[in-house]
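A short worksheet on the structure shown next.
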Amino acid sequence: MTFEEDARIVSRELDRYLAESLAAGKPVIRQAPIERLVEELELARHAAEGGLSGEKLAGFLRRYLESTTRLHHPAYLAHQVAVPHPSGALASMVDGLTNNAMAIYEMGPAAAAVEFFVLNWMLAKVGWVPSPSPRQGTAPGAHGGGVLTHGGSLANLTALLAARGRVAPQTWATGTPADLAVLAPAESHYSIARAAGIMGIGRNAVYALPVDSGGRIRPEEIAGVWRRARADGRRPFALVANACSTAVGLYDPLEEIGAACRDLGVWLHVDGAHGASALVSPKLRGLLRGIELADSTVWDAHKLMRTPTLCAAVLVRDATTLEGAFEQDASYLFHDKERPGIDFLHRTVECTKAGLGLRFFAVLAAMGERGLAEYVERQSALAAEAHEYISRQPGFSCPVAPQANILCFRVEGSDELQLAIRDALIATGTHYLSTAEFGGRRYLRIAFMNPATTIEVIADLVERIRQIAPR
Ligand SMILES: Cc1ncc(COP(=O)(O)O)c(C=O)c1O
């Protein structure tokens with residue numbers, strides 16, 4: 001079998017899979033026990049025999065696809081993972097085959113050019129100065145910079161390393177100073193506390209910022225927390241704001257937070273992993289008003305930009321700060337050479353690095369900026385409509401009105417009941433949603449990622465929940 005013949009088989013099977021998923025012809029989720037799947041997929045036999053190609057490949061793929069979680073199913077309502085645009089999937093295949101590990105330019109000039117372009121496109125959306133190419137020389141005044149990484153968690157860590165590099169550049173030689181602190185609301189994604197742990201700052205040095213009833217930072221309280229940290233003998237070097245929060249999808253007031261951070265000389269990091277995608281929409285970008293005051297932000301294209309996993313951007317207002325995040329020697333990589341392009345190696349944890357930009361670029365070029373904006377607007381509007389609908393149902397309530405495409409709600413009853421409802425829905429495979437804790441209570445949670453989800457899907461969901469948990 002040639003590559004083209006096998007690729008035809010794969011695209012034929014995926015096409016059927018897409019149609020089946022979109023038509024809700026199969027369960028959105030089906031979790032067979034892992035031992036059974038290892039058996040059913042005949043993994044040991046295929047590994048021993050080899051030759052997984054042609055119709056044998058088709059058979060394997062059909063069984064594999066039967067046990068996937070179907071993100072294209074209109075009742076996929078669970079996690080903030082993109083329902084990928086097929087053009088993005090094709091780009092993943094191109095990257096898989098070319099395998100240009102482009103952290104150094106010589107290992108992937110085209111991939112590096114795409115990443116450079118995509119980062120500059122994002123920098124411009126944030127309101128920062130895009131980066132000139134090194135061959136154009138450094139533009140007068142500061143310009144932004146960035147790098148694509150494998151996920152928002154790694155991106156958050158990278159941004160906080162850049163922040164640490166600004167206050168404690170000697171860290172790479174002497175270790176993390178014991179007096180550093182981070183300010184962040186409890187609503188922050190867990191990757192922030194984890195980054196503090198990885199950096200050796202420790203979870204206890206993450207000072208919780210007071211929040212309002214929606215879990216949003218109260219900017220007027222920032223100076224007080226900063227003073228408390230100082231009184232404890234700590235140097236708060238970074239403040240993390242959410243745009244938007246993971247649990248309920250609300251945006252922190254970035255303009256006021258930015259002003260407070262400037263007054264205090266604290267690095268502002270905006271975690272826009274999910275919500276920075278609103279920047280593409282002229283209607284919604286006001287939710288991020290003030291983001292240009294930040295020092296760094298992260299933006300996951302593999303969440304709301306229809307891009308296959310993974311493609312996360314770390315963006316900084318001043319490119320030189322990102323260069324300060326890392327400091328390593330590797331004689332086989334870092335040496336003087338002809339530089340027709342850019343090495344991203346200095347800006348990232350990773351050494352071998354996939355050409356992540358292509359999968360986002362392919363979606364951007366297929367849907368166009370306008371198409372992406374319309375998608376983000378549609379998903380937010382649907383969340384607002386679902387909020388109105390669910391709030392009207394007797395026995396149902398929502399903790400906050402959504403600002404993004406995330407909606408939390410609960411049914412009258414205990415936290416255990418919410419979990420039991422989710423389990424029952426998953427068991428039948430009709431709807432797949434997640435849950436989140438907010439304000440000390442457990443909520444059912446919908447992330448409207450799928451452009452095929454409609455309000456009828458939500459009405460059907462409510463009906464099924466009534467059958468599972470009659471009042
Ligand atoms: C606000 C926020 N930050 C960071 C992350 C982590 O991103 P990733 O899952 O790509 O590591 C998430 C994931 O849901 C998130 O919602």
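Order of listing sets the numbers, starting from 1, for every ligand and every atom in it.
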So Val240 and Leu183, do their side chains get closer than 4.5 Å, heavy atoms only? no
Flag Thr246 as yes when one of its N or O atoms lies below 3.5 Å from any N or O atom of ligand 1, and as no otherwise. yes
Within ligand 1, which atoms have a heavy atom of [X] less than 4.0 Å away?
X: Gln80; value: 14 (O), 16 (O)
X: Gly152; value: 7 (O), 8 (P), 10 (O), 11 (O)
X: Cys244; value: 1 (C)

side-chain hydrogen bond (donor to acceptor under 3.5 Å, both in side chains) filter on Thr68, not counting sequence neighbours, yields Tyr17
Tell me the nearest of His302, His189, His274, Lys303 to atom 4 (C) of ligand 1, using heavy-atom distances. His189
Just to confirm my output: which protein heavy-atom neighbour is closest to atom 11 (O) of ligand 1, and how far is it? Ser153 OG, 2.7 Å
Looking only at protein heavy atoms, which one is nearest to atom 3 (N) of ligand 1, and what is the separation? Asp271 OD2, 2.7 Å
Quick test of your reading: applying side-chain hydrogen bond (donor to acceptor under 3.5 Å, both in side chains), list the pairs with at least one residue in residues 111-130, sequence neighbours left out, ordered by first then second residue. Glu115-Lys353, Trp121-Glu369, Lys125-Glu369
Do Arg306 and Tyr375 form a cation-pi contact, if we require the NZ or CZ to be under 6.0 Å from the six-membered ring centre and within 45 degrees of the ring's axis? yes
Can you find a non-hydrogen atom of Asn242 under 4.0 Å from ligand 1? no
What heavy-atom pair brings Arg164 and Met199 nearest, and what distance separates the two atoms? NH1-O, 3.4 Å
